Amino acid sequence: MKSAILSEVFAELCETQTHLDALLSNVHVLQRKKVAVYLGAFLRRPLTLAEHFGVKVADTAEEFWDMSFIRLKKNEGIHELLKKIWESGGDYPNQGSEIDFPTHLVNEWTADWGPEVTKKMCMFLSQDPLTTIRLHRRAREDEEKLKATLGAIEELPKLRLGNYSILARVFKGFAKIQKIDLFQEGWFEIQDEGSQVMSIYALESELMKSALSPVPSVAPKKDMVFFNKTMLQNIVPRTVIDACSGAGGKALAMADLMRGQGRVFAYDIYEKKLLNLRKRTDRSQDRNVQGVLVKANDEARTEQLKAFYLSADRVLVDCPCAGYGVLRRNPDSKWNRKPVALAENHVDITELQQKIILDYAPLTKVGGELIYGVCTFAKKETLDQVEWMKEHLPNFELKSFGFIGPYDTDGFFMAAFERKK
């Protein structure tokens with residue numbers, strides 16, 4: 001295998017701006033893992049690695065991030081750096097800094113949170129992602145079998161407990177686990193720990209609020225149990241609506257947390273995602289999850305949802321967002337280097353979030369909870385949206401809110417509102 005494959009994939013990224021995952025699907029299976037690891041490292045911390053290997057790719061960080069894709073593709077220093085990364089065998093820093101992020105992002109984060117928090121966020125988001133699994137209750141009831149099975153597979157790194165979620169087990173390194181029999185049998189799902197926390201919070205916000213922080217990038221408190229096994233067994237089965245469910249990771253987690261009881265309705269406008277959810281449901285064997293195809297047209301969707309007003313104990317609105325909290329997992333997205341993303345049809349992302357909130361809030365029962373969540377930490381999509389909701393949802397009362405990650409997990413924000421009338 002030759003290092004040229006890194007340059008080839010990077011050049012295609014520059015030419016097409018296709019997501020890295022899609023590009024990797026075209027790489028030969030024997031090269032895929034190595035390309036994913038090494039190119040991913042470069043995309044997360046390009047200038048830190050350039051300094052480490054003594055390669056010049058630009059005079060300044062600002063000049064580097066101002067380059068067009070054409071100039072990036074033709075930058076000889078980058079291709080020399082990719083070759084050195086390949087030849088290093090993985091012997092390079094696993095942590096970057098502010099120089100590894102587009103200047104406009106660093107400026108935006110600094111304006112929102114100040115230089116110290118921004119420094120931490122850049123440090124955490126430039127690290128390689130962890131492989132985290134969520135244990136299904138079958139695995140939680142027989143974890144010795146799970147440990148023995150995974151421990152017998154030599155190529156798998158060791159597992160550790162999660163920092164935030166009692167359901168989480170974290171591999172200490174890259175782990176390819178989709179072909180393992182227990183995965184196929186639904187003993188566990190791949191799900192980031194922050195996403196797991198949001199799933200639990202959506203059902204039991206009062207019990208999970210102590211896991212949240214008022215600002216991003218705060219490490220978990222040592223020896224603090226946010227959620228124990230007794231609490232896990234006492235989760236009340238409810239009717240839950242997971243708006244913007246996608247492939248349903250949180251919907252599946254909530255269905256499992258309710259021990260196959262209650263009902264979780266996974267709403268999405270994309271049929272393909274709901275078909276993927278059905279496959280995952282078949283694997284988990286939790287029959288209390290149902291996908292619901294929602295109309296994409298605004299007026300038609302509003303009319304469709306009226307039939308379900310006041311029907312749900314919990315409504316999780318996990319909105320589309322700028323996605324800053326998942327840059328470690330999707331590093332190629334920052335290479336587009338566009339200021340705060342605009343949603344489809346040129347609607348500002350915060351306006352889109354507000355439209356979705358107003359669509360789904362009426363589905364919440366009196367006494368039930370509306371949970372707002374995003375995988376980002378932009379202030380205008382998090383704290384500012386909470387203030388907007390307080391003003392525009394007069395029937396709801398704020399209970400709690402806060403951030404989790406991106407320390408050892410993706411970055412999330414969540415807030416819980418109780419419907420009073």
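Please read all numbers here as calculations on a predicted model, not as lab measurements.
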Just checking, any donor-acceptor pair under 3.5 angstrom between side chains of [X] and [Y]?
X	Y	answer
Q127	Q95	yes
E369	S205	yes
T409	E193	no
Q191	S195	yes
Y324	E381	no
D100	T48	yes

Under 3.5 Å: donor-acceptor pair, side chain of [X], backbone of [Y]:
X	Y	result
D410	G194	no
E185	R283	no
R44	L125	no
R32	V27	yes
N75	R71	no
D313	G368	no
D318	D242	no
N330	S333	no
R419	T364	yes
T118	W109	yes

(request) Only counting residues at least two apart or in another chain, list the ones meeting side-chain contact (heavy atoms from CB on, under 4.5 Å) with R160. (result)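 R160 satisfies side-chain contact (heavy atoms from CB on, under 4.5 Å) with L130, N163, V170, K172, D408 once adjacent residues are dropped.
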Are more than 12 heavy atoms from other residues, nucleotides or ligands located less than 6.0 Å from atom [atom1] of [X]?
X	atom1	answer
I70	CD1	no
N26	CG	yes
E63	CD	yes
K120	NZ	no
Q184	CD	yes
K365	NZ	yes
R138	CZ	yes
K119	NZ	no

Any salt bridge between [X] and [Y], counting N to O under 4.0 Å?
X	Y	value
D256	R134	yes
K390	E397	no
K74	E76	no

(message) Checking ring pair (Phe, Tyr, Trp, His ring centres under 6.0 Å) between F403 and each of F412, W113, F377, which is the one that passes?
(response)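 That would be W113.
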(message) For residues 121-144, which residue pairs pass the ring pair (Phe, Tyr, Trp, His ring centres under 6.0 Å) check, not counting sequence neighbours?
(response)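 For residues 121-144, and leaving out neighbouring residues, the ring pair (Phe, Tyr, Trp, His ring centres under 6.0 Å) pairs sorted by first residue read F124-Y407.
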Closest approach of [X] to [Y] (non-hydrogen atoms, all atoms of both residues):
X	Y	value
W187	D142	CZ3-O, 3.5 Å
R45	S126	NH1-O, 2.7 Å
V117	S217	O-OG, 4.4 Å
S400	Y201	OG-OH, 2.7 Å
A36	L24	CB-CD1, 3.6 Å
G260	N288	C-ND2, 3.3 Å

(request) Quick one: do L212 and M414 satisfy side-chain contact (heavy atoms from CB on, under 4.5 Å)? Show the steps, please. (result) CA-CA 9 Å; L212 305 181; M414 56 203 83; 3.8 Å; yes
(request) In sequence, state the C-alpha distance, the side-chain angles, and the governing distance for L393 and Y372, and then conclude on side-chain contact (heavy atoms from CB on, under 4.5 Å). (result) CA-CA 12 Å; L393 299 177; Y372 170 70; over 6 Å; no
Which residues share a ring pair (Phe, Tyr, Trp, His ring centres under 6.0 Å) with [X], sequence neighbours left out:
X	answer
Y164	none
H19	none
F42	F10, W335

(request) Kindly indicate whether the side chain of D348, heavy atoms from C-beta on, has any atom under 4.5 Å from the side chain of K380. (result)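 Side chain of D348 against side chain of K380, heavy atoms only: contact under 4.5 Å found.
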(message) Is there a side-chain contact (heavy atoms from CB on, under 4.5 Å) between I241 and V292? Walk through the geometry before answering.
(response) CA-CA 10 Å; I241 291 175; V292 178; over 6 Å; no
(request) Could I get the full list of salt bridge (charged side-chain N to carboxylate O under 4.0 Å, His left out) partners for R169, not counting sequence neighbours? (result)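 Partners of R169 by the salt bridge (charged side-chain N to carboxylate O under 4.0 Å, His left out) criterion, ordered by chain and then number, come out as E143.
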(message) Below 30° counts as parallel, above 60° as perpendicular, anything between as tilted: where do the rings of Y267 and F265 land?
(response)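 If you compare the ring of Y267 with that of F265, the planes turn out perpendicular.
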(request) Determine, stepwise, if the pair F183 / F188 fulfils ring-ring contact (aromatic ring centres under 6.0 Å, His included). (result) CA-CA 6 Å; F183 174 78; F188 59 86; 5.6 Å; yes
(request) Apply the side chain to side chain donor-acceptor pair (under 3.5 Å) test between D286 and each candidate in R259, Q261, R137, R280; give the one that qualifies. (result)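 Per the side chain to side chain donor-acceptor pair (under 3.5 Å) rule, the option paired with D286 is R137, out of R259, Q261, R137, R280.
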(message) Checking K399 against F417 for the side-chain contact (heavy atoms from CB on, under 4.5 Å) test, could you report, in this order, the C-alpha distance in whole Å, the side-chain angles of both residues, the deciding distance, and whether it holds?
(response) CA-CA 5 Å; K399 292 186 66 179; F417 289 78; over 6 Å; no
